[in-house]
Number of protein chains: 4
Amino acid sequence: MDKGRLEAFSDGVIAILITIMVLELRIPAGATGEALRPLTPIFLTYVLSFVMLGIYWNNHHHMFQVIDRVNGRILWANLHLLFWLSLIPFVTGWMGEHYSAAVPTAVFGIVLIMAGIGYTILVRVLVAEQGADLRLARALGSDVKGKVSLVIYAAAIALAFVDPWFSDALYVAVALIWLVPDRRIERLR
Amino acid sequence: MDKGRLEAFSDGVIAILITIMVLELRIPAGATGEALRPLTPIFLTYVLSFVMLGIYWNNHHHMFQVIDRVNGRILWANLHLLFWLSLIPFVTGWMGEHYSAAVPTAVFGIVLIMAGIGYTILVRVLVAEQGADLRLARALGSDVKGKVSLVIYAAAIALAFVDPWFSDALYVAVALIWLVPDRRIERLR
Amino acid sequence: MDKGRLEAFSDGVIAILITIMVLELRIPAGATGEALRPLTPIFLTYVLSFVMLGIYWNNHHHMFQVIDRVNGRILWANLHLLFWLSLIPFVTGWMGEHYSAAVPTAVFGIVLIMAGIGYTILVRVLVAEQGADLRLARALGSDVKGKVSLVIYAAAIALAFVDPWFSDALYVAVALIWLVPDRRIERLR
Amino acid sequence: MDKGRLEAFSDGVIAILITIMVLELRIPAGATGEALRPLTPIFLTYVLSFVMLGIYWNNHHHMFQVIDRVNGRILWANLHLLFWLSLIPFVTGWMGEHYSAAVPTAVFGIVLIMAGIGYTILVRVLVAEQGADLRLARALGSDVKGKVSLVIYAAAIALAFVDPWFSDALYVAVALIWLVPDRRIERLR
């Protein structure tokens with residue numbers, strides 16, 4: 001099976017997710033700068049989620065460069081990742097409106113850690129199905145960044161109940177770790 | 001006519017449908033775990049519909065692998081399928097909010113059975129138009145899974161008026177039947 | 001310039017338009033069949049607009065089959081058409097909620113006639129720019145269907161102030177005229 | 001890395017942005033012409049933003065014609081541009097509802113100037129990464145139109161606090177400057 005439609009479908013879903021989040025930025029009733037101020041935490045959460053989805057899209061793009069064909073297992077591993085990503089607008093809106101509350105901050109982290117696990121599963125499935133071609137397996141190596149992210153997310157979920165600001169700092173830290181695209185794969189090409 | 005744009009358009013519509021359903025998960029007013037609890041049935045219905053649309057996308061993807069060209073009749077059979085799929089977010093939201101009520105549960109099944117019929121019609125049109133190439137006709141054979149699904153949907157619609165939980169169990173059963181992608185076509189390639 | 005991105009962009013916009021209309025089908029508060037009844041005119045208007053957008057997508061698809069390259073003028077003629085199509089969800093929702101009122105019914109027709117004019121302009125620009133290749137010009141011939149549609153729309157707009165049902169019947173008539181894809185172009189290929 | 005997915009993703013995001021703006025045109029409660037009148041400024045702002053996004057899409061389309069490959073830096077410069085474009089529906093809705101107020105009009109300009117800067121950065125990154133191929137660098141030359149636009153936007157933001165109509169006139173002026181597609185690149189092909 002050709003990978004083209006899987007890429008197009010994933011691009012479509014991520015493009016829609018990254019865009020509908022902006023619908024959570026509800027137009028303020030007033031016309032002054034003060035009317036805009038309550039939107040600040042929602043806006044900052046939007047920026048964070050935009051970057052997170054951008055990272056997923058970039059890494060997805062990189063990873064599928066070295067893939068030639070897809071099959072049913074890969075399609076479903078990919079849909080599983082997209083499912084968790086699809087919840088990002090919801091948790092972004094909820095955390096944005098209650099940025100100082102523990103539960104929305106922790107739930108934001110739970111969706112991110114599930115998306116991270118979904119991405120890890122997708123990588124594993126791709127490596128397993130592309131057995132003959134070891135380029136991808138070698139390229140991903142021990143996947144240190146992926147494992148570190150999952151640990152940081154777990155810490156962020158727990159720390160949300162101490163102080164949500166710790167969690168926010170950790171979410172930003174993960175984004176910064178990933179903003180550098182995966183040179184390991186780029187080097188292969 | 002080339003099949004590329006039909007695939008791209010269908011991918012676009014299904015990607016949008018699978019994503020806008022998440023807009024029905026309205027952000028709760030509170031910031032506690034209890035505020036999230038009333039969303040549970042809506043969330044579970046969302047998961048079911050996400051899987052259903054994922055199945056349609058996967059099968060659509062598989063089926064068009066063996067198609068070379070499209071014509072006006074195929075375009076309209078495809079649009080007819082997309083029409084019924086486009087109603088899934090609506091019935092998902094309605095059933096999610098009234099999960100113990102008979103009518104929304106039955107209407108959910110009516111949209112699913114119409115989408116199933118739409119898919120069957122699309123298969124028939126493809127087989128008829130690709131007469132010379134019998135690969136597809138042979139591949140689909142007697143289409144047991146498709147017929148069984150329609151029977152289960154019909155039972156689910158009727159049973160919604162006895163107890164909606166019977167219907168929910170049957171909808172999940174259809175999803176499980178289809179989660180295995182159509183090996184009959186994969187084998188051909 | 002390659003026509004691929006123009007097709008992909010148009011497919012994307014039409015796929016989104018055809019899908020977001022369903023957001024106008026607001027989930028009823030009740031869980032009974034009666035709760036669904038007030039949605040009937042909105043649902044029927046949705047069906048009509050779905051078919052209309054499907055016709056535009058099909059004809060767009062057909063027409064660009066015989067086009068090789070695009071330029072700035074073609075891009076803008078295409079965006080002009082997409083602009084009027086983008087208003088269809090708005091007028092669909094308004095007419096659906098006030099199906100027996102003159103003004104929403106007439107405004108629905110105004111958007112349709114403007115989209116029809118936009119399509120005619122796009123055809124003209126394509127014929128002008130593809131001068132050397134007369135296949136398209138010959139294929140479209142005198143464009144009887146296009147002209148007849150504009151006349152019917154004009155009549156429907158005027159008749160909305162007599163009785164909106166006349167207009168509705170005429171909108172359905174135009175849809176039926178176009179449901180047959182444009183054989184003139186198909187014949188060329 | 002192939003540029004295809006970057007183009008497809010950008011097309012998707014811009015197609016969604018240009019379409020969801022229409023959701024700000026809320027369906028009026030009444031069914032008369034007067035009910036439509038309060039929508040006039042929102043509609044005109046929608047037209048302006050539609051043209052602006054159309055210009056970005058056209059220029060993006062033109063520019064990537066002369067690009068062969070993309071890398072991580074280009075992906076992120078492109079996502080940065082898309083981020084500012086993603087705020088256009090929000091500021092369009094806000095300015096449309098408060099068209100005579102200074103702050104929404106200025107904020108509209110701030111988003112446009114940031115998008116303009118994002119586009120300039122993208123051009124710079126593309127020129128830097130495509131060093132060997134000087135076609136793009138020569139094609140863009142001194143980028144007079146881009147610089148003029150940024151100056152006009154800055155003036156419009158300041159003048160919003162004198163009279164928002166000055167700003168509106170300047171926004172329209174920028175749109176008119178760009179409606180002519182970038183012949184400099186078209187000439188190269």
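Here is the naming used below: chain letters follow the sequence lines, and residue numbers restart at 1 for every chain.
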Checklist line | Smallest separation among heavy atoms of D:Ala15 and C:Val13, with atom names | finding: CB-CG2, 3.7 Å
Check: Where do D:Phe64 and C:Arg5 come nearest, in terms of heavy atoms and distance?
Finding: CB-NH1, 4.0 Å
Note to self: Can you give me the closest heavy-atom contact between D:Val47 and C:Phe83, atom names plus distance?
What the structure shows: CG2-CZ, 3.6 Å
Next item on the list: Decide yes or no for C:Leu82 and D:Thr19: does some side-chain heavy atom of the first lie under 4.5 Å from some side-chain heavy atom of the second?
Entry: no
Next item on the list: Identify the residues of residues 85-103 of chain C whose heavy atoms come closer than 4.5 Å to a heavy atom of chain D, ordered by number, or report 'none'.
Entry: C:Ser86, C:Leu87, C:Phe90, C:Gly93, C:Trp94, C:Glu97, C:His98, C:Ala101, C:Val103
Notebook entry, point to check: C:Leu75 versus D:His62: any side-chain heavy-atom pair under 4.5 Å?
Noted result: yes
Check: Looking at C:Leu6, C:Val107, C:Thr105, which has the largest count of heavy-atom pairs under 4.5 Å with chain D?
Finding: C:Leu6
Notebook entry, point to check: What part of D:Leu53 lies closer than 4.5 angstrom to a heavy atom of chain C: side chain, backbone, both or neither?
Noted result: neither
Notebook entry, point to check: What pair of heavy atoms forms the shortest contact from C:Phe9 to D:Ile18, and how long is it?
Noted result: CZ-CD1, 4.4 Å
Next item on the list: Check each atom of D:Leu23 against the heavy atoms of chain C and say whether the ones under 4.5 Å are side chain, backbone, both or neither.
Entry: side chain
Checklist line | Point-to-point distance, once rounded to the nearest 0.5 Å, from CD1 of C:Ile16 to CD1 of D:Ile20 | finding: 8.5 Å
Checklist line | Nearest non-hydrogen partners of D:Asn58 and C:Trp76, listed with the distance | finding: ND2-NE1, 2.6 Å
Checklist line | Top of D:Gly33, D:Gly30, D:Ala35, D:Ser10 for chain C proximity - count of heavy-atom pairs under 4.5 angstrom | finding: D:Gly30
